[in-house]
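Structure record follows, encoded as structure tokens.
Below, read A as the first sequence line, B as the second, and so on, with proteins coming before strands; counting in each chain starts at 1.
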There are 4 protein chains.
Amino acid sequence: MGAAGRPKSDKARRAVLAAALELVKDHGYAALTIEGIAARAGVAKTTIYRSWPSKAAVVMDAVFVESDPRLSFPDTGSAREDLRLQISRVATLFTEPGFGKPFVGLLAESQHDPALADALHQWLITARRAGAAEVLRRGVERGELRADLDTDVAIDALYGAIYYRLLVSHQPLSAQYARTVVDEVFVGLRAREDI
Amino acid sequence: MGAAGRPKSDKARRAVLAAALELVKDHGYAALTIEGIAARAGVAKTTIYRSWPSKAAVVMDAVFVESDPRLSFPDTGSAREDLRLQISRVATLFTEPGFGKPFVGLLAESQHDPALADALHQWLITARRAGAAEVLRRGVERGELRADLDTDVAIDALYGAIYYRLLVSHQPLSAQYARTVVDEVFVGLRAREDI
Amino acid sequence: MGAAGRPKSDKARRAVLAAALELVKDHGYAALTIEGIAARAGVAKTTIYRSWPSKAAVVMDAVFVESDPRLSFPDTGSAREDLRLQISRVATLFTEPGFGKPFVGLLAESQHDPALADALHQWLITARRAGAAEVLRRGVERGELRADLDTDVAIDALYGAIYYRLLVSHQPLSAQYARTVVDEVFVGLRAREDI
Amino acid sequence: MGAAGRPKSDKARRAVLAAALELVKDHGYAALTIEGIAARAGVAKTTIYRSWPSKAAVVMDAVFVESDPRLSFPDTGSAREDLRLQISRVATLFTEPGFGKPFVGLLAESQHDPALADALHQWLITARRAGAAEVLRRGVERGELRADLDTDVAIDALYGAIYYRLLVSHQPLSAQYARTVVDEVFVGLRAREDI
DNA sequence: GGCTAACCGAGACGGTACGTCCTGTCTTGAG
DNA sequence: CTCAAGACAGGACGTACCGTCTCGGTTAGCC
């Protein structure tokens, strides 16, 4: 019964992903087209459409191959240090043109593409956020963090600051900035505990 | 010398802005086209190109007419309360479809359009951020906030949390959520001052 | 020397020809595609390409199986009657959708495909025309037809009328019409022999 | 109310028709594509689609500009002579590559395109055939042709012979051949009036 | 009865053209 | 001098087939 058929060519797949990344790096996400990727990769348009439903899917595939391992959470015994380390690495990753440019493009496109938004959510939230929540939970357990801490909101504030710079204020990101964010949010704004 | 000429029709201008807003509300920012706006407004494409350089400019023009007054900063004597009030209003504004949808579309497009990014920056940062900084400055002066507070980073964290929900995690926004963000960031994460 | 291998499957062959004929009948020759035939026949495209060089070859193969015996020339002793009979059968055959539709399609395609044109020519001219010429020759011998008759031109006129209706004027064909053509051409146009 | 709009460019129109004719002459009707015409004419595809519904319509437009005057019927006082003259001119026209090749392509395509078939019919039948019928009518009136002549069938036979050579047997056409057809059909096949 | 080559289905591949949509520019005529 | 109308060159879209190319799986026919 079952179907055999010629297996998908890994050469073609790699050529497409490489071409997509190069084109984003060189001309920006907005200028990316399926036709352009096909031409650059020396591949037929149909080959792309057979494997990916949109240019966003191609870029996601290309971008999220290598980034995974770099974003895991450490366990140093200090929640503040764990956050400093991981968020620094996130900020650094975002400044690398090979990642930052396509990633911002994907975030932009995901605003009108629910499927893409879901895929990014899966990758960003389900995977990363669970790690962050775990770090905070350990901190609370150790008595390092407030017992009544609202974990979700804390994560929003910490990562929100990074994404705010990336997407809204477009100010430069750096590992140093990431560390400052962690420290400021860690300590809070108020002058004395009784306020 | 010669004749007076016909002045730009304000009727046409208003028709364009109204059509643009309706189309964004009905079909989303991504589906917006200059041709569509022109057709809906009963106006020639030329008329739009004569007054705005891009569809983003039309939408900005349409969206930022009314929002100004709603986002000013109060001065209640408490920085925490001032922030709660203003950030709540921001969160509420973002949930209104007549503002939130086009605004998110503009933020998305601004990722590839530096001119639009500048225009949004002008509006979002220069104007709003100065108000937030003033609130924090007053809080420090009053001894309500830490003297060594990094104002910029604090603002990134507070507003970042809101934008993070809007653009990245796509979780629902509300005035209540905004207030929680202010309170959590105000107090900080740590359990005791000596950490 | 070497091994035997598996012979071509006659089941596949018949499935292809049947599928092609059905598709032409149902959707017309123009809508016929190799992919469509393969799908309908439950056969791989490769199987078709292995046996036929083009969709025209498939259709020719399918159409010219059964038509042969119906188009032979009788020998009644009267050239006029022989022609009436055979041309009537031709006209009738052309009106049958199972033959007429694919045949017209082949004639159309043969206008740009010399190989197909040759194949059709082989079938139509070499085979049929020889029979018609023989009928006319017998008629001349018997003194029934003019001794100085231009056989080729006579055949062109007789069959031309049929093909003209089929391909150019698209008026309906019938056995009755065929008989009228034979009679009119037989007698000629002129009122009296001395013109 | 009324629309003004930019008028269609006659330059573009002429460029398209000229390009189409050249391409048919050089590479044949089958190889003709809208994209090819657009490229050759230095025109956008949309410009072609705006004015013509298909490549056939372009070719018809291109081919039928000049042919009209050449195909009118003379009135010499002799039906045989009138037919000889006009059918000779038809045969000659068909041999000119600038007309014959595109015309055969159109006839081929009209077999699957009813709209095109109608348009050709309009041009070929309604216009030309009326002229032929008139010639025959005059011949009958003068006593030159049989009173009981079936005009339609006679026309089918005369022109059918020409089209048969053009489309089916692909034998060469010439003015001489056309004249022979007229003469043979005029006299008929039979040896003596009493058959 | 086991080998083995040819044939089969499936379907991915590099291509070409399709007809559509939208872009931003231009050219009219009416007001 | 501005407007609605709409034609223009251009570029990308996603689709349909083309004819070629691997793939396993399946049959014959010969040892």
Side-chain angles (χ1 to χ4, degrees), chain A residues 1-13 31-39 41-51 53-55, chain B residues 2-9 11-12 31-36 38-39 41-51 53-55, chain C residues 1-9 11-13 15 31-39 41-51 53-55, chain D residues 1-13 31-39 41-51 53-55:
Chain A
M1 212 177 294
R6 177 176 173 178
K8 289 198 186 180
S9 152
D10 207 54
K11 202 176 96 186
R13 181 174 190 277
L32 195 65
T33 64
I34 298 276
E35 299 220 318
I37 298 171
V43 140
K45 263 200 298 178
T46 37
T47 297
I48 299 182
Y49 281 111
R50 210 175 295 120
S51 298
S54 64
K55 68 172 185 173
Chain B
R6 182 175 173 183
K8 284 197 190 179
S9 152
K11 200 175 95 188
L32 197 66
T33 64
I34 298 276
E35 297 221 319
V43 141
K45 272 198 297 176
T46 331
T47 301
I48 298 180
Y49 281 111
R50 206 175 302 123
S51 298
S54 66
K55 71 171 182 173
Chain C
M1 218 184 294
R6 175 181 176 182
K8 287 195 188 180
S9 152
K11 201 176 95 188
R13 181 176 188 277
L32 197 65
T33 64
I34 298 275
E35 299 222 318
I37 299 171
V43 140
K45 271 199 295 176
T46 332
T47 300
I48 299 180
Y49 282 112
R50 209 176 299 124
S51 299
S54 64
K55 69 171 184 173
Chain D
M1 217 175 293
R6 178 177 172 180
K8 288 199 186 179
S9 152
D10 207 53
K11 203 175 93 186
R13 181 176 190 279
L32 197 65
T33 64
I34 298 276
E35 299 220 317
I37 299 171
V43 141
K45 265 200 296 179
T46 36
T47 297
I48 298 181
Y49 281 111
R50 208 176 295 118
S51 296
S54 65
K55 70 171 185 172

What pairs of donor and acceptor atoms, side-chain ones from residues 41-50 of chain D against any protein atom, are under 3.5 angstrom apart with sequence neighbours left out?
unit_1: D:K45; atom_1: NZ; unit_2: D:E35; atom_2: OE2; d: 2.8

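You'll find a donor-acceptor pair under 3.5 Å spanning the side chain of B:T46 and the base of F:dA5, going by distance alone. For F:dA16, the base has no donor-acceptor partner in the side chain of C:T33 [N/O atoms by modelled type, under 3.5 angstrom]. Side chain A:R6 to base E:dC13: no donor-acceptor pair is found below 3.5 Å. Within 3.5 Å, a donor on the side chain of C:K45 pairs with an acceptor on the base of F:dG19, or the reverse. Below the 3.5 angstrom threshold, one finds no donor paired with an acceptor across the side chain of A:S9 and the base of E:dG14. Side chain A:S54 to base F:dG14: no donor-acceptor pair is found below 3.5 Å.
Across all strands shown, D:G36 has no heavy atoms under 4.0 Å from either base or sugar-phosphate atoms.
F:dC17 atom C1' lies 12 Å from atom CZ of A:R50, rounded to whole Å. In this structure, the NZ atom of C:K8 is 15 Å from the P atom of F:dG29, given to the nearest Å. Separating the CD atom of A:E35 from the P atom of F:dC13 is a distance of 5 Å, rounded to the nearest angstrom.
Listed by chain and residue number, nothing satisfies the salt bridge (charged side-chain N to carboxylate O under 4.0 Å, His left out) test with C:K55 (two or more places apart in sequence, or in another chain). Partners of C:S51 by side-chain contact (heavy atoms from CB on, under 4.5 Å), not counting sequence neighbours, listed by chain and number: C:K8. Listed by chain and number, the residues in a side-chain contact (heavy atoms from CB on, under 4.5 Å) with A:S54 are A:A56, A:A57 (sequence neighbours excluded).
When the C1' atoms of four end pairs are superposed on the next four at each end of the helix from E:dG1-F:dC31 to E:dG31-F:dC1, using five pairs per end, the two resulting axes differ in direction by 10°, to 10°.
The residue among C:A41 and A:T47 whose nearest nucleotide of DNA chain E is located toward the 5' end is C:A41.
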